[in-house]
Amino acid sequence: MAGTPEGFSLGSDFQDPVQKFAAALGTPSRLLKLAPKSAGNPGNAAALSPAIVLTTIAAFEGFAEDFLATVLAREGNGLAQIAREVGNWNNPTLEEWVKRLGKLTSPAGAEALDAGPSKEITVYRQTQNGNWSPGRKAWSKILRDSVAWMEVRHLLTHGLVSGWRAESWPPPLKKNVPPATSVLRPKDSGKASLDRSGAKSCARIYTLGAQHAADVVAQDLGSAINWSDLPSFD
């Protein structure tokens, strides 16, 4: 069908898009295992961090489209309507996806989406000494971080930064969008860098955040999802 996004699938089983999501996340999960854990110049391995961010967000985008299509199918929408709704949606952030799902659920489901996951998502935060420290953020902050990580993704895909060294990251073109630097490690002269801890934070936000939202919607529609194949990004 004209206008149907590549890879678009239609079904009523939420487990199918979840399994595809887990399979797509196999690449960033394996890349993370290759990233050096010791301090010092990582050399060519520095390219792993931007690769993890790019492949994680690409996997999420496919999952967001397939899961939305499944929700719309469960609500009785036809293929043409679903293709139009999904096909007109480009580069959804976790924040945008959660908001959209909230409009398709019951009031109780929308409230659960806003409340966030019962198990907090641990990310890495900048400390006063310039190091990263594992920590927890409010769900609203996690969602805003997802927008910042999408900015990171845009800058990488458009070749404005390399992602494997300290460099200047351009500010967002749109208003009310957090800058990429808000989730990166600050460096001298206003520069910032994307490293292993940052890439891991991005992966956790876009996988565990997606898991929470999908679980809420599936439960709202009388279904349950098995996430046993989802990489943990520990």
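The shown structure was predicted, so the numbers you read here are calculated from the model rather than taken from an experiment.
The OG atom of Ser201 sits 8.0 Å away from atom CD1 of Ile142, with the distance rounded to the nearest 0.5 Å. A distance of 4.5 Å separates CD in Glu61 from CE in Met150, rounded to the nearest 0.5 Å. Here CG of Asp16 is found 7.0 Å from OG1 of Thr70. Values are rounded to the nearest 0.5 Å. Between the CZ atom of Arg165 and the CG atom of Leu194 there is a distance of 13.0 Å, given to the nearest 0.5 Å. One finds the CG atom of Asn91 at 9.5 Å from the CD1 atom of Ile57 (value rounded to the nearest 0.5 Å). Here the CD1 atom belonging to Ile205 is positioned 11.0 Å from the OG1 atom belonging to Thr56, to the nearest 0.5 angstrom.
Between Phe63 and Phe21, the ring planes lie parallel to each other; the angle is under 30°, not in the 30° to 60° tilted range.
The ring pair (Phe, Tyr, Trp, His ring centres under 6.0 Å) pairs that include a residue from residues 175-195 number zero, where partners must be two or more places apart or lie in different chains. Among pairs with a residue in residues 104-119, those fulfilling side-chain hydrogen bond (donor to acceptor under 3.5 Å, both in side chains) read Ser106-Asp220, at least two apart in sequence or across chains. The list of side-chain hydrogen bond (donor to acceptor under 3.5 Å, both in side chains) pairs with a residue in residues 167-177, not counting sequence neighbours, reads Ser162-Glu167. Residue pairs meeting the side-chain hydrogen bond (donor to acceptor under 3.5 Å, both in side chains) criterion with at least one member in residues 205-215, sequence neighbours excluded, are Asp215-Trp227. Among residues at least two apart or in separate chains, salt bridge (charged side-chain N to carboxylate O under 4.0 Å, His left out) pairs with a member in residues 93-106 are Glu85-Arg100, Glu95-Arg144.
Gln15 pairs by the side-chain hydrogen bond (donor to acceptor under 3.5 Å, both in side chains) definition with Gln19, not counting sequence neighbours. Listed by chain and number, the residues in a side-chain contact (heavy atoms from CB on, under 4.5 Å) with Leu160 are Leu155, His158, Pro170 (sequence neighbours excluded). Remark: Asp188 engages no residue in a side-chain hydrogen bond (donor to acceptor under 3.5 Å, both in side chains) (not counting sequence neighbours). Shown here are the side-chain hydrogen bond (donor to acceptor under 3.5 Å, both in side chains) partners of Thr181, two or more places apart in sequence or in another chain: there are none. Annotation: side-chain contact (heavy atoms from CB on, under 4.5 Å) contacts of Thr122 (sequence neighbours excluded): Pro134, Arg136, Arg204. Take Ala138 and apply the side-chain contact (heavy atoms from CB on, under 4.5 Å) test, not counting sequence neighbours, and it matches Ser140, Lys141.
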Please output the side-chain donor-acceptor pairs of residues 48-55 that fall under 3.5 Å, not counting sequence neighbours, one pair per line with the distance.
| residue | atom | partner | partner atom | Å |
| --- | --- | --- | --- | --- |
| Ser49 | OG | Asp195 | O | 3.3 |
| Ser49 | OG | Arg196 | N | 3.2 |
| Thr55 | OG1 | Ala51 | O | 2.7 |
| Thr55 | OG1 | Ile52 | O | 3.3 |

request  = Go through the steps for Leu25 and Phe60 under the test side chain to side chain contact (heavy atoms under 4.5 Å, CB included), then give the verdict.
outcome  = CA-CA 8 Å; Leu25 289 171; Phe60 169 78; over 6 Å; no
inquiry  = The test is side chain to side chain contact (heavy atoms under 4.5 Å, CB included); show your working for Arg153 and Cys202 and say whether it passes.
reply    = CA-CA 10 Å; Arg153 183 256 190 198; Cys202 175; over 6 Å; no
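For the pair Ala213 and Leu101, the tightest heavy-atom approach, listed with the atom from each and the gap, is CB-CD1, 4.1 Å. Closest heavy-atom contact between Leu184 and Ser193: CB-O, 3.5 Å. When all heavy atoms of Phe233 and Lys200 are compared, the closest pair comes out as O-CG, 3.5 Å. Nearest heavy atoms, Ala148 versus Pro179: CB-O, 3.6 Å.
Val183 and Val147 are members of different hydrophobic clusters when ILVMFWY side chains are connected at heavy-atom separations under 4.5 Å. Connection of Leu104 to Val217 is established within a shared hydrophobic cluster, with ILVMFWY side chains joined at heavy-atom distances below 4.5 Å, either directly or through further cluster members. Under the 4.5 Å side-chain heavy-atom criterion for grouping Ile, Leu, Val, Met, Phe, Trp and Tyr, Trp149 is not connected to Val177 through any hydrophobic cluster. Leu31 and Trp164 sit in two unconnected hydrophobic clusters of ILVMFWY residues. Membership requires side-chain heavy atoms under 4.5 Å apart, directly or through other members.
Checked by atom type and distance alone, the side chain of Ser146 pairs as donor or acceptor with a backbone atom of Leu143 at under 3.5 Å. Side chain of Trp139 to main chain of Gly209: no donor-acceptor pair is present (N/O by atom type, distance under 3.5 Å, no hydrogens or angles).
Counting heavy atoms of neighbouring residues, nucleotides and ligands inside a 6.0 Å radius, atom CG of Leu173 does not exceed 12 of them.
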